[in-house]
Amino acid sequence: MPLESTILEEVVAHMRQRKTRIDYLDFACGTGRIISFLEDKVDKATGIDVSQFMLNRAANKGKRARFLCRDITLADAAVEGQYDLITCFRFLKNAESDLRQSAMTQLARRLRDAESRVVVNCHGGNPFSFKIVLVPYHWLKALLSGQGYPKYVTNGRLRKTIHKAGLHIEKSIGYGFISGKLFNLLPLTWALWIERTLCGAPFIQALGANQLFVCKLK
Ligand SMILES: C[S@@+](CC[C@H](N)C(=O)[O-])C[C@H]1O[C@@H](n2cnc3c(N)ncnc32)[C@H](O)[C@@H]1O
């Protein structure tokens, strides 16, 4: 979260220079990790999730946000509002490709104007990262156990989904260069230094396990 919070603070600060009011939506808000961080920095915050259980936990953390339990990815879902800022964190990796596409399309429909932004991440889904050493093992394990195949989403596929939704990628930031296990083994200052140094670095960022995109309407 430290890197994500810095990125989100920068997006909000930049938006404040152009907008007097920020209506914010956190799609698939879960237990409110992101919305509880951002709600004080915007004028109005809405969290949407399909799970009432998750929303109850989010509401316990939240101070000002409203929470809606609904599936906005359905074709006939009503558009409940227009927003200046939308976040969608840790959703894309586990969603099937149709759900991924409909979610991004529905989020694009909710952007208010050309100055509005969607910040979306795919957490731990990039196979062309440190995860590459585990890809064959995960596939073999899935094959032998008959369980579902592991979820990986390449950068190319994410970009295609975003573009098909009518969005333009203004900025992409890769992070998550060392595994959680190595992160815990290294002294915290070293681990953070590596992550902060490589986060968003040209070319290298494509190798981050996590990929974040700041998008606007085409
Ligand atoms: C891994 S959690 C992410 C929570 C939060 N965004 C975060 O970063 O901590 C994924 C969330 O997506 C929600 N979800 C799954 N399908 C959804 C849908 N169609 N519409 C809205 N939320 C959905 C789940 O209920 C779950 O709370």
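Remember, it's 1-based here, ligands and their atoms both numbered in the order they're listed.
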Criterion side chain to side chain donor-acceptor pair (under 3.5 Å) on N121 and Y175, from CA distance to verdict: CA-CA 10 Å; N121 96 336; Y175 55 109; 3.1 Å; yes
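Distances below 4.0 Å separate heavy atoms of F27 from the following atoms of ligand 1: 20 (N), 21 (C). Set against the non-hydrogen atoms of G30, the atoms of ligand 1 under 4.0 Å away are 4 (C), 27 (O). Counting the atoms of ligand 1 from 1 in the order shown, those under 4.0 Å from a heavy atom of S51 are 25 (O). Which parts of ligand 1 touch T73 is read off a 4.0 Å heavy-atom cut-off, strictly below it: atoms 19 (N). Listed by atom number, the atoms of ligand 1 under 4.0 Å from R33 heavy atoms are 7 (C), 8 (O), 9 (O).
In terms of polar-atom proximity, F91 is not counted as a contact of ligand 1, lacking any N or O under 3.5 Å from an N or O of the ligand. For ligand 1, one of its N or O atoms has an N or O atom of D49 under 3.5 Å away.
In summary, of the residues considered (R112, E115, R117, R18), a side chain to side chain contact (heavy atoms under 4.5 Å, CB included) with D84 occurs for R112 alone.
Hydrophobic clustering, with ILVMFWY side chains joined whenever heavy atoms are under 4.5 angstrom apart, groups I162 together with V118. Linking ILVMFWY side-chain heavy atoms closer than 4.5 Å, directly or via other members, places F89 and I72 in two distinct hydrophobic clusters. Using a 4.5 Å cut-off between side-chain heavy atoms of Ile, Leu, Val, Met, Phe, Trp and Tyr, with links allowed through other members, V11 and I169 fall into different hydrophobic clusters. Residues I173 and I34 fall within the same hydrophobic cluster, defined by Ile, Leu, Val, Met, Phe, Trp and Tyr side chains chained together at heavy-atom separations under 4.5 Å.
Between F177 and F130, the ring center distance fails the sub-6.0 Å criterion.
Counting heavy atoms under 4.0 Å from ligand 1, residue A95 does not touch it at all. Contacts with ligand 1 closer than 4.0 Å are made by side-chain heavy atoms of M54 only, the backbone lying farther away.
The closest protein non-hydrogen atom to atom 10 (C) of ligand 1 is R90 O, 3.8 Å. Residue, atom and distance of the protein heavy atom nearest to atom 18 (C) of ligand 1 are V50 CG1, 3.5 Å. Atom 3 (C) of ligand 1 has its closest protein heavy atom at F89 O, 3.6 Å. A28 CB, 3.3 Å is the protein heavy atom nearest to atom 12 (O) of ligand 1.
Here the shortest heavy-atom distance to atom 19 (N) of ligand 1, taken over N121, L74, D71, belongs to D71.
Here the closest non-hydrogen pair linking R66 and K44 is NE-CE, 4.3 Å.
In this structure, K218 contributes its side chain and H163 its backbone to a donor-acceptor pair below 3.5 Å.
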